[in-house]
Engineer: 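The structure that follows is given in the form of structure tokens.
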Amino acid sequence: MAHQTHAFHMVDPSPWPLTGAAAAFLLTSGLATWFHFNTTLILLLGLTLTLLTMFQWWRDIVREGTYQGHHTPPVQKGLRYGMILFILSEVFFFIGFFWAFYNASLAPTLEVGECWPPTGITPLNPFEVPLLNTAVLLASGVSVTWAHHSIMEGDRKSTLQALLLTISLGLYFTGLQALEYFEAPFTIADGIYGTTFFVATGFHGLHVIIGSLFLLTCLARQLLHHFTSQHHFGFEAAAWYWHFVDVVWLFLYVSIYWWGS
């Protein structure tokens, strides 16, 4: 390492942005060929390259932050700002879905029977599986906070227990959501109700899966002794993301499941 007189990280040249862009191109092209020609070769190539890029890029960042000492306090501040802006962009992503839902439900048109839920739609009971899912996610928010406090106190055993519990609750939520989709009396093709319901809750479900993988990565890093009480932004970012997912679900439950039914 060359001597430097500042605390910032000058990132080394890396091939992973290029392979990531190629993987994204292959994924979109592969989806198109799968839909139109029922062939999955390009899609599988895209998924493979995506996974390889993810693993190697994250490996390099873990090395930079954990072993090479590049993640100094000013660098960590930049990472925090980046994560905050990313979550803010996700907020606006979901605002679009809520906008579509309220635009359709507050002024139902003639095509949907001038009522909400639309004529012919039997909504899900908000006090059955959706309420259970709400309790599961709120409990996972408590357990991820427990994990955060355990890391700050240097309690390795409690951190591992709390992370395992949070990941288990995330997987349980995903399973319940899949069961709900399987048994729903309407589909994504059932007009504006089906579209807004499945797109909004589906993208939230995708975020739960991503958050679970994020926390699973943190669990692996905790097992490898990567985190200390003062240096654990990788986990902190995962916890922020998980709390964001919790808050979005509360808005989804109140708006689409309870009020919208």
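Because only heavy atoms are used, hydrogens play no part in the values below, and waters and symmetry mates are left out as well, while side chains stay in. Only a predicted model underlies this, so the values are computations on that prediction, with no experimental measurement involved.
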Engineer: Apply the side chain to side chain donor-acceptor pair (under 3.5 Å) test between Thr134 and each candidate in Tyr253, Trp249, Trp258; give the one that qualifies.
Structural biologist: Trp249
Engineer: Working to the nearest 0.5 Å, report the span between CD of Gln76 and CE of Met83.
Structural biologist: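 One finds 14.5 Å between CD of Gln76 and CE of Met83.
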Engineer: Does the side chain of His243 reach to within under 4.5 Å of the side chain of Val247, using non-hydrogen atoms?
Structural biologist: no
Engineer: Testing the basics here: between Thr159 and Ala147, what is the closest heavy-atom pair and its distance to 0.1 Å?
Structural biologist: OG1-O, 3.9 Å
Engineer: Are a donor atom and an acceptor atom from the side chains of Thr228 and Gln230 found within less than 3.5 Å of each other?
Structural biologist: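 No pair is found: no donor N or O on one side chain lies under 3.5 Å from an acceptor on the other.
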Engineer: Taking the six-membered ring for Trp, are Phe8 and His70 ring centroids under 6.0 Å apart?
Structural biologist: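 No: the rings miss the under 6.0 Å criterion.
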Engineer: Roughly how far, to the nearest 0.5 Å, is the CD1 atom of Ile42 from the CG atom of Leu27?
Structural biologist: 11.0 Å
Engineer: Within this structure, what is the OH-CG distance for the pair Tyr81 and Leu88, rounded to the nearest 0.5 Å?
Structural biologist: 14.0 Å
Engineer: List the atom of Thr201, the atom of Leu252, and the distance in Å for their closest heavy-atom pair.
Structural biologist: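 Reported closest heavy-atom pair: CA-CD1, 4.4 Å.
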Engineer: Is the distance between the ring centroids of Trp116 and Tyr193 under 6.0 Å?
Structural biologist: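 When the ring centroids of Trp116 and Tyr193 are compared, they turn out to be within the sub-6.0 Å range.
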Engineer: Is the distance from the ring center of Phe173 to that of His204 below 6.0 Å?
Structural biologist: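 Between Phe173 and His204, the centre distance is under 6.0 Å.
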Engineer: So, His207 side chain and Phe203 main chain: donor-acceptor pair closer than 3.5 Å or not?
Structural biologist: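 Yes; judged by distance alone, with no hydrogens or angles, the pair exists.
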Engineer: How are the rings of Phe94 and Phe97 set relative to one another: parallel (under 30°), tilted (30 to 60°) or perpendicular (over 60°)?
Structural biologist: perpendicular
Engineer: Verify whether the ring centers belonging to Tyr181 and Phe198 lie closer than 6.0 Å.
Structural biologist: yes
Engineer: I'd like to check Phe186 versus Thr122 (side-chain heavy atoms, cut-off strictly below 4.5 Å). Are they in contact?
Structural biologist: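 Phe186 vs Thr122: side chains apart.
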Engineer: Is it the case that the side chains of Tyr241 and Glu236 hold a donor-acceptor pair, with the cut-off being a distance below 3.5 Å and no angle test?
Structural biologist: no
Engineer: Using only atom types and a distance under 3.5 Å, with no angle test, would you say the side chain of Asp190 pairs donor to acceptor with the backbone of Thr187?
Structural biologist: yes
Engineer: Is any side-chain heavy atom of Trp240 closer than 4.5 Å to one of Val144?
Structural biologist: no
Engineer: Look at the side chain of Thr195 and the backbone N and O of Ile192, then say whether any donor-acceptor pair between them is shorter than 3.5 Å.
Structural biologist: no
Engineer: Aromatic ring centroids of His71 and Phe233 under 6.0 Å?
Structural biologist: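 Ring-ring flag for His71/Phe233: false, centres at least 6.0 Å apart.
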Engineer: Ring centroids only, cut at 6.0 angstrom: are His148 and His232 within range, meaning strictly under it?
Structural biologist: yes
Engineer: Hey, are Tyr172 and Ser140 close enough side-chain-wise for a donor-acceptor pair under 3.5 Å?
Structural biologist: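 No.
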Engineer: Ignoring hydrogens and angles, state whether a donor on the side chain of Ser150 or Arg156 is under 3.5 Å from an acceptor on the partner side chain.
Structural biologist: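 Their side chains do not contain a donor-acceptor pair, so the 3.5 Å distance test is not met.
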Engineer: Got a donor-acceptor contact below 3.5 angstrom from the Thr66 side chain to the Arg63 backbone?
Structural biologist: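 It does not hold such a pair.
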Engineer: Under 3.5 Å, side chain of Thr72 to main-chain N/O of Ala7, donor-acceptor pair present?
Structural biologist: yes
Engineer: Where is the tightest heavy-atom contact between Trp16 and Thr53, given as atom of each residue plus distance?
Structural biologist: O-CG2, 3.6 Å
Engineer: Indicate the atoms forming the closest heavy-atom contact of Pro126 with Tyr257, along with that distance.
Structural biologist: CB-O, 3.4 Å
Engineer: Quick one, Leu163 and Ser143 - any side-chain contact, counting heavy atoms below 4.5 Å?
Structural biologist: no
Engineer: Please tell me if the side chains of Trp146 and Leu165 come closer than 4.5 Å, counting only heavy atoms from C-beta onward.
Structural biologist: yes
Engineer: Is atom CH2 of Trp259 surrounded by more than 12 heavy atoms (other residues, nucleotides or ligands) closer than 6.0 Å?
Structural biologist: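 Counting other residues, nucleotides and ligands, CH2 of Trp259 exceeds 12 neighbours.
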Engineer: List the atom of Cys218, the atom of Ala238, and the distance in Å for their closest heavy-atom pair.
Structural biologist: SG-CB, 3.8 Å
Engineer: To the nearest 0.5 angstrom, please state how far the CD atom of Glu180 sits from the CG atom of Leu176.
Structural biologist: 8.5 Å
Engineer: At what distance, to the nearest 0.5 angstrom, does CG of Leu31 lie from CH2 of Trp34?
Structural biologist: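 The CG atom of Leu31 sits 7.0 Å away from the CH2 atom of Trp34.
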Engineer: Tell me the closest heavy-atom pair linking Gly154 and Ser229, and the distance in Å.
Structural biologist: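 Looking at all heavy atoms of both residues, the shortest contact is N-CB, 4.4 Å.
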Engineer: Quick check: are there more than 12 heavy atoms from other residues, nucleotides or ligands sitting under 6.0 Å from CZ of Phe25?
Structural biologist: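 Atom CZ in Phe25 is not packed in, count stays at 12 or less.
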Engineer: CG of Leu219 to CZ of Phe214: how many Å apart, nearest 0.5 Å?
Structural biologist: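 Going from the CG atom of Leu219 to the CZ atom of Phe214 covers 13.5 Å.
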Engineer: Give a yes or no on whether the backbone of Gly170 and the side-chain of Thr174 come within a donor-acceptor separation of less than 3.5 Å.
Structural biologist: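 Checked: pair present.
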Engineer: Determine whether His226 and Phe235 make a side-chain contact, defined as any pair of heavy atoms from C-beta on separated by less than 4.5 Å.
Structural biologist: no
Engineer: Within a strict 4.5 Å, meaning less than it, do heavy atoms of the Val11 and His9 side chains meet?
Structural biologist: yes
